[in-house]
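Okay, structure first, notes after.
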Amino acid sequence: MGGVPRRTGVAERGECPWDGKPFQPDYAVVLVDALREAEQAGNTLENALEKAADLEPDLVLDPDSVLATIREHLERLERMHEHGSPRG
């Protein structure tokens, strides 16, 4: 399974990690910004969940309440990659 490339690799190479074709300059900027934002948001979410897990009494959290929308976006990205579609 091909994951999302680290933003530094994308920024340095400026090409698609799957087919090696160069990105259009505007596309590359948007992609790098989006990956940076996703990384920051993921770190923030991870930190918040770690704090919540340390609460007493134990916090009960439905994982789908946190992950459902994220999962939908990841599945959309995967479908786009599989079918070469510009939009999902």
Side-chain angles (χ1 to χ4, degrees):
M1 172 169 65
V4 175
R6 297 282 305 174
R7 65 178 163 81
T8 54
V10 172
E12 290 168 4
R13 291 189 308 270
E15 63 187 31
C16 178
W18 294 286
D19 64 16
K21 294 180 182 175
F23 291 131
Q24 295 295 323
D26 291 342
Y27 179 88
V29 170
V30 172
L31 177 60
V32 170
D33 287 347
L35 291 175
R36 182 181 302 114
E37 290 174 16
E39 183 177 27
Q40 291 170 346
N43 290 337
T44 300
L45 176 61
E46 185 178 352
N47 291 338
L49 291 174
E50 184 176 346
K51 289 176 185 176
D54 290 340
L55 292 175
E56 293 292 337
D58 292 342
L59 176 68
V60 177
L61 185 65
D62 175 21
D64 281 337
S65 71
V66 176
L67 300 175
T69 301
I70 295 170
R71 189 176 294 117
E72 288 172 14
H73 291 298
L74 291 171
E75 289 170 354
R76 179 175 160 225
L77 286 168
E78 184 65 24
R79 283 193 308 274
M80 289 169 55
H81 172 67
E82 288 173 357
H83 302 297
S85 170
R87 295 282 176 207

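Count residues from 1 along the sequence. The figures here come from the full heavy-atom set of this structure, side chains too, leaving out hydrogens, waters and symmetry mates.
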Problem - All side chain to side chain contact (heavy atoms under 4.5 Å, CB included) counterparts of Asn43, not counting sequence neighbours - result: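 Asn43 satisfies side chain to side chain contact (heavy atoms under 4.5 Å, CB included) with Glu39, Glu46 once adjacent residues are dropped.
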Practice task
Can you sort out the partners of Val30 under side chain to side chain contact (heavy atoms under 4.5 Å, CB included), two or more places apart, ordered by chain and number?
Solution key: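 Not a single residue meets the side chain to side chain contact (heavy atoms under 4.5 Å, CB included) criterion with Val30.
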Donor-acceptor contacts, no H, no angles, side chain residues 51-60, under 3.5 Å, sequence neighbours left out:
none

Exercise for the section: Can you run down the side-chain hydrogen bond (donor to acceptor under 3.5 Å, both in side chains) pairs that involve residues 21-33, sequence neighbours left out, and say none if there aren't any? Expected result: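 Residue pairs with at least one partner in residues 21-33: Asp33-Arg36.
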Problem - Selection residues 64-74 - residue pairs positive for side-chain hydrogen bond (donor to acceptor under 3.5 Å, both in side chains), sequence neighbours left out - result: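 Matches after skipping sequence neighbours: Asp64-Arg71.
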Handout entry: Euclidean distance, Leu74 CG relative to Leu67 CG, rounded to 0.5 Å
Key =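 One gets 9.5 Å once the value is rounded to the nearest 0.5 Å.
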